[in-house]
Amino acid sequence: MRFSKAFIPTAKEAPSGAVLDSHIFLSRAGFVVQVASGLYNYLPLGKRVLKKIEAIINDEMQRCDAQEVELSFVTPAELWQESGRIEKFGKELLRFRDRKDNLFVLGPTHEEMMVNIVRNRVTSYKQLPLNLYQIKTKFRDEARPRFGLMRAREFVMKDGYSFHASNKDLDREFNAMEAAYKRILERLGLEFRIVEADSGAIGGSGSKELMVLANSGEDTLAVCDSCEYGANIEAAKRSPHREIPEAPEAEFNKFKTPGIKSIEDLASFFRVDPYYTLKTVVKRAIYEEGDEIVFFFLRGSDDLQEVKAVNAAGALDLVDVSEDEIKALGFIPGFIGPLDVKNVKCIFDNDLKDAEHMICGANEEDFHFVNVAMSVIEDAQFAELYEVKEADGCPHCSGTLSFTKGIEVGHIFKLGTTYSKALGAEFLNEKGQSVPFIMGTYGMGVSRLIAAVIEQHHDEKGCIWTPATAPYLVNVMVSNIKDDDQLQLGEKLYNRLRDAGVDVILDDRKERFGFKMKDAELIGFPFTVIVGKELQNGNVQILHRQTLEKSVVAKDKVFEAVMELIG
RNA sequence: CGGGAUGUAGCGCAGUCUGGUAGCGUAUCACGCUGGGGGUGUGGUGGUCGCUGGUUCGAGUCCAGUCAUCCCGACCA
């Protein structure tokens, strides 16, 4: 491609409201342009990057014998009613009616459609396993799209679904997909971490997220400093406490604690470590039908992890409860305790099993109990509720956990029979029994990957594409096209590289040196061959975008030098 | 969905408080000079000031409504 004919509208200024570097540079360098909230047009450069990433995904999927399909974007609402997700997905599902008044939704993910394709077509265990995927536009009517391509409403996702006759076979495929996803991200040149995750609304288990490490990431990850363990904070675990504070000595008793409502005040009032205080978090759990108040109890040294709490309560959502609502139930905020609680659901953190010497609210204004043993509570429901903290111990080794930020670019998990059961998709096993498919699902955000590459690879001048993702690997820049020698050499090199199959662009615009350099740096071609003043000495320069260093190469050896650079 | 802000030329912004002929930077067009870090001179093109209604002799400016976009939060396979 010749720059003089290319549609690459670069700009000095970022669109107003753009805050993320990837959003700023992808816009300024002419890769994408916003159409409406969460909707983007891909210009030629953006489309090239998209196709490069897709090609790598396709290549790795083929190595795994996953087969590409393409499902219709518009999907009948009946399928969503059948699986029960039309309510669960809520307003994110964009619904509309056709001329015959039939209800449709724009596909936000395609479990239903994929199961629909397979059911009644795959009818025997002999036809399994099967892994089908597509790379296609998805639409989710996000409440608040933001950060450019990072969280758009319309986006490109690779979504794959596998069908198995046994859990064992699902495990095998799951591991194969994890390995394939790892290779994809490695080939793209990204620094990433595979972490344990919550399965979210889609249901299932064995959930893992692929996180590109970047400070601007929306997810917080807990990662071990000495082993491979990493987890989204929503699912992160820790080792049992390594140093347990000295237990306070006291008889069971009720103490007057006027105005002592917070854990901090309580701990200093009794001069004990917060570890020995009982924290109560009150939430209203929302269920598919109805709602109720739930007390979550943790050690005072811990905080409630809401996603874990939602799962423990089996709720769709948890919302805050006002002090007045608590009082209306007959409890006093700041003095709630687990003893003799009736008519309110209580869930205890696992860490409180067998806990002793605890100080907790007495359910009476200005009173706390001391030296309470959790064992006195009958039929207590326990679950994991705590949120890990930095410096907690790794659950798998003797290492220590620290926090880092990540961009979720992939999510794989074992669905089991959730969807095949809901949609009645069954096959005959070896025993002649009709059983539901055991499924896995594997998603990767292709358009989000574009943003992730730039979030991880940019500087103050602009984008720094990795070799596998660059729209053009080499930019041959003619410094002054009015100089015949420069122009001729540039043309010659351009043609030679192009004939050799290199993704190359020739900057033959009638612009000044500085202007072209700024564009080259903003767009972020990995290598720019500068055919300019050095030509007087029989040389050209090669600008390495990553380091911004310029190397000098004899003009007769440029082709070989470039070929060697790009491997 | 709660809270906050902003809509003026292709893009980025000032002007609005205090009503009186639409501005700046950049981009763009023509011609000239220049040619190693977004160069420069001269002359142009380009706007029903988001939309609707109201107040006024007169509204970009004041009032009401509405739509859109962005930010914080809730939400997010």
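Atoms considered below: every heavy atom in the structure, side chains included; atoms not considered: hydrogens, waters and symmetry mates. The structure presented is a predicted model; accordingly, all values stated were derived computationally and were not measured. First the proteins, then the strands, lettered A, B, ... as listed; each starts at 1.
- Among residues two or more places apart in sequence or in another chain, the side-chain hydrogen bond (donor to acceptor under 3.5 Å, both in side chains) test is passed with Glu234(A) by none.
- Across the strands present, rU52(B) finds its partner in rA64(B); the criterion is a Watson-Crick or G-U wobble pair with both atom distances under 3.5 angstrom.
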Discussion item. Using the rule given for side chain to side chain donor-acceptor pair (under 3.5 Å), can you reason through Tyr181(A) versus Glu60(A), listing the C-alpha separation, both sets of side-chain angles and the distance that settles it, and then say yes or no?
Written reply: CA-CA 8 Å; Tyr181(A) 272 33; Glu60(A) 290 296 340; over 6 Å; no
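- Using a 4.0 Å heavy-atom cutoff across all strands shown, Gly532(A) reaches at least one base atom of the nucleic acid.
- rG35(B) atom P lies 12 Å from atom CD of Gln536(A), rounded to whole Å.
- Aromatic ring centres of Trp80(A) and Phe89(A): separated by under 6.0 Å.
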For nucleotides 71-75 of chain B, tabulate all protein N/O to nucleotide N/O atom pairs closer than 3.5 Å, reporting atom names and distance.
unit_1: rC72(B); atom_1: OP2; unit_2: Arg144(A); atom_2: NH2; d: 2.3
unit_1: rG73(B); atom_1: N7; unit_2: Arg144(A); atom_2: NH1; d: 3.2
unit_1: rC75(B); atom_1: N4; unit_2: Arg146(A); atom_2: NH2; d: 2.8

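- Spacing between atom CG of Leu39(A) and atom C1' of rU69(B) amounts to 12 Å, rounded to whole angstrom units.
- rC11(B) atom P lies 17 Å from atom CD1 of Ile24(A), rounded to whole Å.
- Note on Pro15(A): only backbone sugar-phosphate atoms sit closer than 4.0 angstrom, heavy atoms only; bases stay farther off.
- Of the C1' atoms belonging to rU69(B) and rC11(B), the separation is 15 Å, rounded to the nearest Å.
- Look at rG19(B): it lacks any Watson-Crick or wobble partner with both distances under 3.5 angstrom.
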Pairs: protein N or O with nucleotides 38-44 of chain B N or O, under 3.5 Å:
unit_1: rG38(B); atom_1: O2'; unit_2: Lys12(A); atom_2: NZ; d: 2.7
unit_1: rG38(B); atom_1: O6; unit_2: Arg28(A); atom_2: NH2; d: 3.3
unit_1: rG38(B); atom_1: N1; unit_2: Asp519(A); atom_2: OD1; d: 3.3
unit_1: rG38(B); atom_1: N2; unit_2: Asp519(A); atom_2: OD1; d: 3.2
unit_1: rG39(B); atom_1: N9; unit_2: Arg512(A); atom_2: NE; d: 3.4
unit_1: rG39(B); atom_1: N7; unit_2: Arg512(A); atom_2: NE; d: 3.3

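- Between Asp303(A) and Lys279(A) there is a salt bridge, since at least one side-chain N of the basic residue sits less than 4.0 Å from a carboxylate O of the acidic one.
- Within 4.0 Å (heavy atoms only), Lys91(A) reaches sugar-phosphate atoms of the nucleic acid but no base atom.
- Residue Gln541(A) places a side-chain atom within donor-acceptor reach of the base of rG36(B), judged by atom type and a 3.5 Å distance cut-off alone.
- For the segment residues 546-559 of chain A, the set of residues with a heavy atom within less than 4.0 Å of an atom of RNA chain B comprises Lys550(A), in numerical order.
- Below the 3.5 angstrom threshold, one finds a donor paired with an acceptor across the side chain of Glu521(A) and the base of rG37(B).
- Remark: Lys138(A) fails to qualify as a cation-pi partner of Phe155(A) under the 6.0 Å distance and 45° angle criteria applied to the six-membered ring.
- Heavy-atom contacts from other residues, nucleotides or ligands closer than 6.0 Å to CG of Asp459(A) number more than 12.
- Partner assigned to rA30(B) is rU42(B), using Watson-Crick or G-U wobble distances below 3.5 angstrom.
- Using modelled atom types, one finds a donor on one side chain and an acceptor on the other under 3.5 Å when comparing Ser83(A) with Glu112(A).
- Distance noted for atom P between rG44(B) and rG60(B): 26 Å (whole Å).
- Spacing between rC13(B) and rA59(B) at atom P, rounded to whole Å, works out to 28 Å.
- Between Ser16(A) and the phosphate of rC11(B), there is no side-chain N or O to OP1/OP2 separation shorter than 4.0 Å.
- As the counterpart of rG2(B), rC72(B) is assigned, both hydrogen-bonding distances of the Watson-Crick or G-U wobble pattern falling under 3.5 Å.
- Shown here are the side chain to side chain contact (heavy atoms under 4.5 Å, CB included) partners of Gln546(A), two or more places apart in sequence or in another chain: Ile464(A).
- Among the heavy atoms of the strands lying under 4.0 Å from Glu408(A) is at least one base atom, whether or not backbone atoms are also near.
- Using a 4.0 Å heavy-atom criterion, one finds that Ser479(A) contacts the bases of the nucleic acid, with or without backbone contacts as well.
- Take Asp302(A) and apply the side-chain hydrogen bond (donor to acceptor under 3.5 Å, both in side chains) test, not counting sequence neighbours, and it matches Arg238(A).
- For an aromatic pair to be called close, the ring centres must be under 6.0 Å apart, and Phe437(A) with His164(A) fails this.
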